[in-house]
*Asks:* 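Got a structure for you, written out below as structure tokens; questions coming shortly.
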Amino acid sequence: MTPAALFVCCLLVAPPGAAARPELEEAHAHLVGLRFEKALAALERLLGSGELDPGLRGEALELRAEAHVATGDFNAAERDYRELLALEPAFVPDPSRTPRKGLERFAKAQAATVGRVILRLTPAEARIVVDGKPTLPGPGGDLPLVAGEHALRAELEGFDPGETSVVVEPGRARELVLRLVPNARSVILVTEPDGVDVRLDGQSIGRTAAASGSEGAAPVGELRLEHLPLGEHRFGFARDCYRTAQRTEFLTVDLTDASPLRYGPIRLVPVRSTLELQKGPEGAVVWLDGTEIGRLPLDPVERCPGSYQLDVRRAGRRIWSSRETLEPGGTTQIAIEPRPNAVLIGLVEPPPALARLSTAFSLAVVPQAPPNGTLERPEAWSRLGLGDEIDLGVGVEAGPGPSATERWYIWSPILRVVQPVDPATLDLERPSWLVPTWGLRTVDSKVGGSAVVGVVYERGAAALVGLQPGDTIAAVGGAVVTSTAQLRAILFAASTRTPLELEWREGRVGGATRRAGLRGSLSPRLDARPMTAAGAAVRAAWAATDGIGEDESAASARANLALLLGAFGDHERAAETWRRVGWQDRSGIGKGTELYYRGRELESAGRKKEAIEAYRQAAACTAATALDDEGPKIAPAARDRLWDLTAP
Amino acid sequence: MTVVYRAGCLALVGVLAATAPFRAGDLPSLPAWPEELGRLDPLARDRALAIVERGIGADARSEGALEARYRRGLLRLEPVNGYDPVGARADLVAVSRAGAGGPWGGRARYALAWLLEQEGECDRARAAYQRIVVDEVGRAVAAPSRVGLARLLVRSGEPGEAARWVEEALGGGDELPDRVGASELRELAVRRLLERASGGVVRPDSRPHAMVLELPAVSGIAPTRGGGLVLADRKGERVIELDGSATPLGGWPLAGVEALAADAAGRIYAAADARVYRLDPGGVLSPLAELGDWAPVSGLAAGRGRLWVLDRRGRRIGRIDPGRSAPEPYWDSGAEARRLVAIAWDGLRLVGLDARTPALLAIDAAGVERPLAATTLLRPTALAADASGRLAVLDTRAGVVRFLDPDGALRFDWEFGRDGIGRPTDVAFAPDGSLHLYDESTRAWVRR
């Protein structure tokens, strides 16, 4: 095969690079088509334009050298090789595409143009820059360079850069040793267990991951820190359920050992906290960070130290919600008392006058105040997306104008009312749903003196110790009784758990002075007095909270909630709430009471037939009372309402 | 705009009389509670009605309209010509329904209960009061309703319960309407309570208290609230009002007084000169009725807005209903040939004292008599009854005042001679249950 034919075959299988310009493609096509004159003409134009980048220029020179070899112009080919080696000292023509004479002329050009540096570099992966141009040495550190003086620079992260100059003689090789000096070191932190969050000099830098090969043994984790600057470093190690550890190291280099330094294993000490819930309604479900952990009463539970969201729910209602911090190794005791869920709008925390919101309520906070004029409308509160478990809202707005004072509002989602409120006068205390009763009523008069017993209730505490109407109370609990009002105050505040010492004079002629221990009882208490929307809102929140359960107090709370609903015009819900009160037929507050009040709400709701039936049943409960066990009788009131409803 | 109340005449000055809208605050003389009825004469009542009519506008459920209608209902109950209990009831029922849960609805319900009580519907009145006590806790209407309930309880023999409710009315700090008489009712209830507790034995500390007045001829006495006394001085041709220490407070020039009586609200009435007068504050005599051939009378009783007159022979009783200007025949002895010497209202019924039998008669609303339990009377000359039904009969021959239960049973006797009383001429109970009499022999006012 002739050189030209060999050349064409090689071109057919090795097309020029895809980045070649159209002119280069055109020249290449001419070469493939053996139109050497045209190819050379095209390459001359291309190389003569002076606008080629070095890469394209190199390709063009290579093509032209091949064209010259193909046409037998070896001198011209040698000139092209020299020019090409000046651009790419490492250039070598493809021997499969280049005839022997062409290779000889290339070797001649190379010997006259290029020398070699055998670079001995430590570390070997350092980057080499020759005359400002990144250069990759060949195998064995072979670095062809155009003859002359060159600036060499070696760089690697974790080392100071090394620089030197080298004079290369054409056709000769020389060895160059370049050793870089380290200025940092990689570190491998080893922790037991794994998954430990690591802080370096106060900054979080990662978490140790399980090291391979630690399966089965104590879980060990590693974190590799590359090229840590030399000097003193403070490491922090933290993981839930372990005591936080600190470690300070002074990092130096070992010129003989550049491998990463291992710290550890740093063994973290496990630590636990105990959460102990006290009181609380039996059966209530306890949730910790959204996970159900049991029902009350609950044995103390161990948890990792930290902050937890504690929720207690009962009958589908959240009765407790708080954020609790469990201290390492400590026991956190919490007395669960069902409490309303409140929200504070417009402040981060309640002002001192409303401090009870934080302590007596489960309080959520929405610090951002809505636009002025929003909080005075109940529907605006409903649109705030506060959830359906809120019992009470308190919010503050800046007043209109630059000098206006802030305006406070209270919102009851239960009663669906909003009212402006003065925080200083808002009473947030839990109401008492039961009231002590002592089985007697007294009266003051000119003719009879003070505290004459007017009424003694059958089977009441007073009757049990033998008190009779007409007797006079002389002293109670060691205090001389001077008026009915004073006696009432003492009895209202007295505990029913222990007998109350009572002294009285009998009303009969020749009657004696007697003493006995009076043991009171607790009666449901209905507070039907008119109250402001603010007072009612607080009361409704407590009633909704305390009304869950089966005991007397819960039933009374439900009844008071029903009263409030009725008072604020929600008669259907009030009637339904009365139905759920669950009082039994008994003397005093009982089934008759419930029927009467339920009848009132049914009547107000326009359900006349049901109201009449309720009144009829209430009228038959002759021992039923209103307000408390010693209150006014229900039956006559029910009869009066029946007269009204059934009158022609 | 000014309203001047003087001597039962409502005088309207300024724009109020013609075109101004109704504002109750401009009319302080309007009755706000049923106990305050009886202060307006017919002209003033009519003027007031014209004013309140303006307030009953298109928005019948507004507070202003409810108040106006409530006040119209009360004005219709003024015991003057035009007395209209049916219209009043319609107004009050309407307000009680439209204003349920509000202040005027509650007041209307109270006025309806009061009206039931006036009409003798005691069970219904008691239930109505009780309903208010249950439903209107903490409202202004609760306190007078407790008193109303107590009034009925004390009359039905439950003084302890009655005392309890008055105590709660007085101790609740609520303002009670004028003339509701809560304090006196409490005293009365406690008296009955203590009597019952002691088995009817008079306590040692209940000795009579006498004050010499030096009045030679007294033709009637009527105790007042606060422990005072109104008495008719025949010789002086006047009626005198004394306070509890016998200091004169004022009087009314009225000659020939034949009888005096006080009603449960503390108003004093006098029969004289063939007329019945109401003795209003400030010495004002308000003629209520012409007695015609019922005059002269030997007895006068007042209760539930009505007056009863006993003719001189003791054979006929006439009744003067609210708004009526003359007595209507009420009771006649007929063939029984009775001779009543005194009549008294005991809170439920009229009681007559027949000197001929002698016996006590209870006369019901229809004028039908029923003898009370036989109690030995020798020469009964005077009768008193209190709101609890307690009766006191002055028996001059026996020298006692007999204290009787409502059924006529003797509770105990008071031998007044032992207390230095020689010739008592009249007896009367005060609203607080104390008994008052005038002793001609010592010219003393005696209170026990």
*Asks:* Measure A/Ala485 against the heavy atoms of chain B and call it side chain, backbone, both or neither at under 4.5 Å.
*Replies:* neither

*Asks:* Can you tell if the side chain of B/Trp165 reaches within under 4.5 Å of the side chain of A/Val455, non-hydrogen atoms only?
*Replies:* no

*Asks:* Quick one: what part of A/Arg641 sits under 4.5 Å from any heavy atom of chain B, side chain, backbone, both or neither?
*Replies:* both

*Asks:* Can you check whether anything in residues 630-640 of chain A gets within less than 4.5 Å of chain B, heavy-atom wise, and list it by number?
*Replies:* A/Glu630, A/Gly631, A/Pro632, A/Lys633, A/Ile634, A/Pro636, A/Ala637, A/Asp640

*Asks:* Is any side-chain heavy atom of B/Glu167 less than 4.5 Å from a side-chain heavy atom of A/Thr442?
*Replies:* no

*Asks:* With chain A, which of B/Ala127, B/Ala162, B/Ala128 has the greatest number of heavy-atom pairs at distances under 4.5 Å?
*Replies:* B/Ala127

*Asks:* Quick one: of A/Thr472, A/Thr625, A/Val452, A/Thr484, who has the most non-hydrogen atom pairs under 4.5 Å with chain B?
*Replies:* A/Thr484

*Asks:* Measuring heavy-atom distances to chain A, does B/Arg192 have an atom under 4.5 Å in its side chain, in its backbone, in both, or in neither?
*Replies:* neither

*Asks:* Quick one: what part of B/Asp432 sits under 4.5 Å from any heavy atom of chain A, side chain, backbone, both or neither?
*Replies:* neither

*Asks:* Given the options B/Ala113, B/Ser96, B/Ala163, B/Ser434, which has more heavy-atom pairs under 4.5 Å with chain A than any of the others?
*Replies:* B/Ala163

*Asks:* Ignoring hydrogens and geometry, is there a side-chain-to-backbone donor-acceptor pair from B/Glu187 to A/Lys446 under 3.5 Å?
*Replies:* yes

*Asks:* For A/Gly470 and B/Leu194, work out which heavy atoms get closest and say how close.
*Replies:* O-CD2, 3.8 Å

*Asks:* So which of B/Val137, B/Val93, B/Val166 has the biggest tally of heavy-atom pairs under 4.5 Å with chain A?
*Replies:* B/Val137

*Asks:* Contact part of A/Val456 toward chain B, heavy-atom cut-off under 4.5 Å: side chain, backbone, both or neither?
*Replies:* neither

*Asks:* So which heavy atom on A/Val453 is nearest to which on B/Leu193, and how close?
*Replies:* O-CD2, 3.4 Å

*Asks:* Can you tell me which of B/Asp123, B/Val190, B/Asp135, B/Val133 forms the most heavy-atom pairs within a distance under 4.5 Å of chain A?
*Replies:* B/Asp135

*Asks:* Is a side-chain N or O of B/Arg186 found less than 3.5 angstrom from the main chain of A/Asp444, in a donor-acceptor match?
*Replies:* yes

*Asks:* CD/B/Glu121 to CH2/A/Trp643 distance, rounded to the nearest 0.5 angstrom?
*Replies:* 8.5 Å

*Asks:* Determine whether A/Asp644 and B/Arg109 make a side-chain contact, defined as any pair of heavy atoms from C-beta on separated by less than 4.5 Å.
*Replies:* yes

*Asks:* Measure distances from B/Arg97 to the heavy atoms of chain A and classify the residue's part below 4.5 Å as side chain, backbone, both or neither.
*Replies:* side chain

*Asks:* Highest number of heavy-atom pairs under 4.5 Å with chain B: which of A/Met531, A/Arg441, A/Arg529?
*Replies:* A/Arg441

*Asks:* Write out, in numerical order, the residues from residues 599-624 of chain A with a heavy atom short of 4.5 Å from a heavy atom in chain B.
*Replies:* A/Arg600

*Asks:* Got a sec: does the CG of B/Asp419 have more than 12 other heavy atoms crowding it under 6.0 Å?
*Replies:* yes

*Asks:* Please give me the minimum heavy-atom distance between A/Pro469 and B/Ala197, naming the atom from each residue.
*Replies:* O-CB, 3.5 Å

